[in-house]
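Quick notes on the structure that follows.
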2 protein chains.
Amino acid sequence: MTEDLMTIREMCETYDVTPRTLRFYEAKELLFPIREGQKRLFTKSDRARLKLILRGKRFGFSLEEIRQLLDLYHVGDQQLTQMSRTYEIALERLADMEARREELTQAIDDLKEQLRWGEKVIASMKNEKKAAE
Amino acid sequence: MTEDLMTIREMCETYDVTPRTLRFYEAKELLFPIREGQKRLFTKSDRARLKLILRGKRFGFSLEEIRQLLDLYHVGDQQLTQMSRTYEIALERLADMEARREELTQAIDDLKEQLRWGEKVIASMKNEKKAAE
DNA sequence: CATGAAGATGACGTTTACGTAATGCGAACG
DNA sequence: CGTTCGCATTACGTAAACGTCATCTTCATG
């Protein structure tokens with residue numbers, strides 16, 4: 001069976017990142033690979049985290065913001081007060097993300113409209129060109 | 001009637017940016033304020049562009065990418081071939097943005113599920129606490 | 001006319017997110 | 001058994017996106 005652990009090279013090929021990036025994320029406490037001697041071995045949890053990191057980046061979150069988001073997925077041994085605070089932060093994040101989606105939808109609609117206008121311009125330019133021949 | 005032109009200070013207050021930012025965007029050819037002597041005066045077009053810039057940033061686009069997007073809204077005097085190329089780029093952007101929205105929707109759903117789990121954890125912790133008293 | 005507020009222009013500093021050597025080390029291989 | 005491979009660490013470099021200073025005009029105003 002496929003081992004639950006991956007080397008740094010395997011990670012790089014799977015997720016299209018450089019070793020430097022993975023070490024950097026570890027230094028920033030976004031990933032926590034275990035060690036076999038010197039070498040890093042990335043767990044399933046690390047892979048799940050990495051996916052979330054890469055997704056977060058695509059939406060313009062900073063690594064620090066992503067780190068906070070990741071914590072939401074790795075509580076479980078927290079105290080009640082801590083947990084509640086985390087929960088509140090998560091609610092804010094959710095609202096933020098939903099607002100972003102709204103905005104993105106608006107941007108998409110704008111661009112679509114612009115494209116329709118572009119189609120008309122192109123069509124009219126083609127006509128002019130034909131008329132000039 | 002409100003003048004069609006705004007000073008740099010008015011722009012800053014309206015859009016919550018610094019003068020430095022506006023000058024920087026001009027240097028990067030994202031904005032093209034006109035000059036009254038030395039002073040910059042921002043047109044309606046500049047304001048429309050700035051809104052798009054700020055929106056683009058919220059979605060993790062680089063200023064260079066945003067500059068290319070902005071061009072889509074300011075063609076009109078292009079050649080046919082140029083126009084067609086621009087149109088193709090716009091289509092790619094659109095696909096990109098729609099993919100992003102899909103992903104964002106997925107992330108929102110994930111977070112919502114996580115929150116439901118969090119609610120249960122908090123509830124059980126409260127019970128334990130009460131039982132211990 | 002002095003001055004002070006608003007804006008301009010360099011020029012250098014800063015943070016984020018890695019890139020890029022330089023160097024070292026253990027295992028595997030010819 | 002030397003050397004190459006893969007990975008490690010340390011440290012300096014870099015591009016993007018502004019922040020921060022210092023210095024200079026230009027008006028409006030007391």
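FYI, side chains are in, hydrogens and waters are out, and symmetry mates aren't considered; it's all heavy atoms of this structure. Protein chains get the first letters and strands the later ones, always in sequence-line order, with residue 1 at the start of each.
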Tell me, yes or no, whether the heavy-atom count around B/Asp109 atom CG, taken from other residues, nucleotides or ligands under 6.0 Å, exceeds 12. yes

Using atom OH of A/Tyr25 as one end and atom P of C/dT16 as the other, report the distance to the nearest whole Å. 14 Å

Roughly how far apart are B/Ile108 CD1 and A/Arg100 CZ, rounded to 0.5 Å? 10.5 Å

Ignoring hydrogens and geometry beyond distance, is a side-chain donor-acceptor pair present between A/Gln68 and A/Glu64 at under 3.5 Å? yes

So, B/Lys112 and A/Glu98, do they make that salt bridge, N to O below 4.0 Å? yes

Hey, is the side chain of B/Arg23 poking within less than 4.0 Å of OP1 or OP2 on C/dA8, counting only N and O atoms? yes

Of B/Arg20 and B/Glu10, whose nearest nucleotide on DNA chain C comes first from the 5' end? B/Glu10

Grab the CZ-P distance between A/Phe61 and C/dT16 for me, whole Å please. 17 Å

For A/Lys39 and C/dC25, give me the distance from atom NZ to atom C1', rounded to whole Å. 9 Å

Atom CG of A/Leu22 and atom C1' of C/dA17 are separated, to the nearest Å, by 13 Å

Take atom CZ of A/Arg67 and atom C1' of C/dA17, then tell me their distance rounded to the nearest Å. 16 Å

Rounding to a whole Å, what distance do you find between B/Phe24:CZ and C/dA11:P? 17 Å

Thinking salt bridges, do B/Glu102 and A/Arg58 make one under a 4.0 Å N-O criterion? no

Does OP1 or OP2 of C/dG7 have a side-chain N or O of B/Arg9 closer than 4.0 Å? yes

Rounded to the nearest Å, what distance is computed from the CZ atom of residue B/Phe42 to the C1' atom of nucleotide C/dA8? 12 Å

A/Leu30 CG to C/dA17 P, straight-line distance once rounded to whole Å: 9 Å

Taking only Lys NZ, Arg NE, NH1 and NH2, and the carboxylate oxygens of Asp or Glu, determine whether B/Lys51 and A/Asp110 approach each other closer than 4.0 Å. no

Toward the 5' end of DNA chain C, by each residue's nearest nucleotide, A/Gln38 or A/Thr21: A/Thr21

Go through DNA chain D in 5' to 3' direction and return only the first and the last nucleotide with some atom under 4.0 Å of chain A's heavy atoms. D/dC7 to D/dT9

Identify whether B/Phe32 and B/Ile8 are in the same connected component of the hydrophobic contact network (ILVMFWY, side-chain heavy atoms under 4.5 Å). no

